[in-house]
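This report refers to the structure that appears directly beneath it.
Below, chain A is the first sequence line, B the second, and so on; all start at residue 1. Predicted, not measured: the structure shown is a model, and the values here were computed from it.
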Number of protein chains: 2
Amino acid sequence: MAQKDTARSILDAAEELFSERGFAETSLRNITTKADVNLAAVNYHFGSKKSLIQAVFARFLTPFVAELDKALNTCDAEQGEQPADLMSLLRLLSDTALRSGADRPERLRIFMRLLGLAYSQGQGHVRRFLRVEYGHVFRRYSDLLTRATPELSDEDRFWRVHFMLGATMFTLNGVDSLTAMAEHDFGKPTTTPDVIDQLLPFLASGLKSPAGN
Amino acid sequence: MAQKDTARSILDAAEELFSERGFAETSLRNITTKADVNLAAVNYHFGSKKSLIQAVFARFLTPFVAELDKALNTCDAEQGEQPADLMSLLRLLSDTALRSGADRPERLRIFMRLLGLAYSQGQGHVRRFLRVEYGHVFRRYSDLLTRATPELSDEDRFWRVHFMLGATMFTLNGVDSLTAMAEHDFGKPTTTPDVIDQLLPFLASGLKSPAGN
DNA sequence: AAGTGTTTTAAACGTATGTTTGAAACACTT
DNA sequence: AAGTGTTTCAAACATACGTTTAAAACACTT
């Protein structure tokens, strides 16, 4: 019980602080102070700062990937031979992601910030960790995407999928600043699901855009 | 002469190291070692690490923004009342960016990585610096974008422009890894201009995508 | 060649970091 | 209640950082 509480407090504090200030800019002292635990607790429970970072990712990603895997199973079972269409696939992913942080709605935003940081900051160990640990599910999803866009060459699809990834990462990364700007400029409040509703058609149009010119 | 050489060496080394490892992860000792100058030279020539970071941005951005401003002038003069179309505007921006690092072609990639880092890492002072120093030109470009997409509501355009920004940033940010992957998977080599040729139609399609669903 | 302002150098300063330590506090079985 | 394994704690450790200093080296005018 005590173990669980301390480790959880550390993960909570680390998740929030990392997402706000980045990994290198967040010290273990920042984390343990916010979590109200002793400094040494991090190294006791997680071994090192690196392992703590990976644990933060694992806590979000493990249930998410499990849910995504399940969703892909039922998707496969339902459809038989006929492949799922693009928009449904995108919805499947975003719904799973949104549901995965169900306890607190800002969880997805926080996690996306972490993911963006991990990729743009040095943290190569995070990339390696993610690929080794969760790669197979993302490959599965990628195969479905391929079947949903048979008209594209592999090369075109490769690039466009990365364009989509970029738009998504960047947007959800800064979704709090962006929604604040949008609310300031246009009055009406915007939630993360609202933003995703705007994003998905953009992504689908881009992916299906006529090749060449 | 000696002054110029040392300061330039520092900027060169800093630019490269920052783009590879991030700002916080790059120490002044890393930089001065690579530049083969004394540690104190950074504080002597630039005052502080923060100012050095800003100087790295300024060295790329000042000529770029000047060229963009010029390009926008001739663009305005040519067209009179009739607004430039979307694809031309995108081309104008990418051409200016590509030409701006003409001395070395990988310069744009490096700079894009820096920009991405500055936004996803804490570096709020960089954001402030960029807005104060170069904001007006970007506002000018943004106005042209608005006139090129009169069918969009301000709100839709706001979001989609940010989607475009994200796709662009992410792509050019990691363009070296991506081109390496593409070359490995598809054989033929891909240059940054090639990637941009793929990217622009994607962006245009996304921005013009039918609203709603 | 002397003098003057600029640039470089080696060394040190103060501070902050991640990690380790050994004892104290705790929980839980016997 | 004693004993045992786990968890917490304050303190210290070693290291790395950005920055400052004061003297040396340099460039350039007079």
Side-chain angles (χ1 to χ4, degrees), chain A residues 1-59 114 117-118 121-126 128-129, chain B residues 1-59 114 117-118 121-126 128-129:
Chain A
M1 165 141 57
Q3 151 139 11
K4 276 263 159 149
D5 267 21
T6 326
R8 249 191 57 109
S9 307
I10 292 174
L11 283 174
D12 287 341
E15 184 176 276
E16 201 162 322
L17 289 178
F18 282 153
S19 84
E20 284 168 6
R21 339 215 284 225
F23 300 107
E25 294 84 351
T26 303
S27 72
L28 294 187
R29 283 168 179 82
N30 292 153
I31 295 170
T32 52
T33 299
K34 172 161 189 148
D36 201 37
V37 302
N38 187 273
L39 167 62
V42 170
N43 288 281
Y44 176 76
H45 286 284
F46 298 96
S48 70
K49 190 182 182 182
K50 269 190 185 179
S51 308
L52 170 62
I53 293 174
Q54 296 181 0
V56 167
F57 278 93
R59 184 167 66 144
L114 291 176
L117 282 168
Q121 214 155 333
Q123 312 300 337
H125 68 101
V126 174
R128 234 169 298 129
F129 172 74
Chain B
M1 164 141 60
Q3 153 140 8
K4 277 262 160 149
D5 267 20
T6 321
R8 249 191 58 109
S9 306
I10 292 174
L11 283 174
D12 287 341
E15 183 176 277
E16 200 162 323
L17 289 177
F18 282 152
S19 84
E20 284 168 7
R21 339 215 282 227
F23 301 107
E25 293 83 352
T26 303
S27 71
L28 295 187
R29 285 168 178 84
N30 293 152
I31 295 170
T32 52
T33 300
K34 172 161 190 148
D36 200 39
V37 302
N38 187 272
L39 167 62
V42 170
N43 287 283
Y44 177 74
H45 286 283
F46 298 95
S48 70
K49 190 182 182 181
K50 269 189 186 180
S51 309
L52 171 62
I53 294 175
Q54 296 181 0
V56 168
F57 278 93
R59 183 167 67 144
L114 291 176
L117 282 168
Q121 211 155 333
Q123 313 299 337
H125 67 101
V126 175
R128 232 169 301 129
F129 172 74

Without decimals, in angstroms, what is the distance between A/Asn43 CG and C/dG18 C1'?
7 Å
Could you go step by step and tell me if B/Asp12 and B/Arg59 meet the side chain to side chain contact (heavy atoms under 4.5 Å, CB included) rule?
CA-CA 10 Å; B/Asp12 287 341; B/Arg59 183 167 67 144; 2.9 Å; yes
For A/Tyr44 and D/dT7, give me the distance from atom OH to atom P, rounded to whole Å.
4 Å
Distance from B/Glu20 atom CD to B/Leu114 atom CG, nearest 0.5 Å?
10.5 Å
Quick one: A/Asp36 CG to D/dT8 P, roughly how many Å, whole number?
12 Å
Would B/Asn38 and B/Tyr44 count as a side chain to side chain contact (heavy atoms under 4.5 Å, CB included) here? Give the steps.
CA-CA 10 Å; B/Asn38 187 272; B/Tyr44 177 74; over 6 Å; no
In the strands shown, is C/dT29 matched to any nucleotide by a Watson-Crick or G-U wobble pair with both distances under 3.5 Å, and which?
D/dA2
Can you tell me if A/Thr26 uses its side chain to pair, donor with acceptor, with the backbone of A/Gly22 under 3.5 Å?
yes
Correct closest heavy-atom pair for B/Phe23 and B/Ala118 would be CE1-N, 3.7 Å
Between A/Phe18 (CZ) and C/dG18 (C1'), how many Å, whole number?
12 Å
Hey, does A/Phe46 have a side-chain heavy atom less than 4.5 Å from the side chain of A/Ile10?
yes
Look for any protein N or O under 3.5 Å of an N or O in nucleotides 11-17 of chain C and output each such pair with its distance, or none.
from   : atom 1 : to      : atom 2 : distance (Å)
C/dT17 : OP1    : A/Ser27 : OG     : 3.4

Distance in angstrom units between A/Phe46 CZ and C/dT19 C1', rounded:
16 Å
Gap between atoms CD1 and C1', on B/Ile53 and D/dT19 respectively (whole Å)
15 Å
Determine whether the side chains of A/Ser9 and A/Thr6 contain a donor N or O and an acceptor N or O closer than 3.5 Å.
no
In Watson-Crick or G-U wobble terms, both distances under 3.5 Å, what is the partner of C/dT9?
D/dA22
Please report the distance, rounded to the nearest Å, between CD1 in B/Ile31 and P in D/dG18.
8 Å
Would you say C/dT6 has OP1 or OP2 under 4.0 Å from some side-chain N or O of B/His45?
no
Using whole Å, what does the distance between atom C1' of nucleotide C/dT19 and atom CG of A/Leu52 come to?
14 Å
Phosphate contact (C/dG18 OP1 or OP2) by A/Ser48 side-chain N/O below 4.0 Å
no
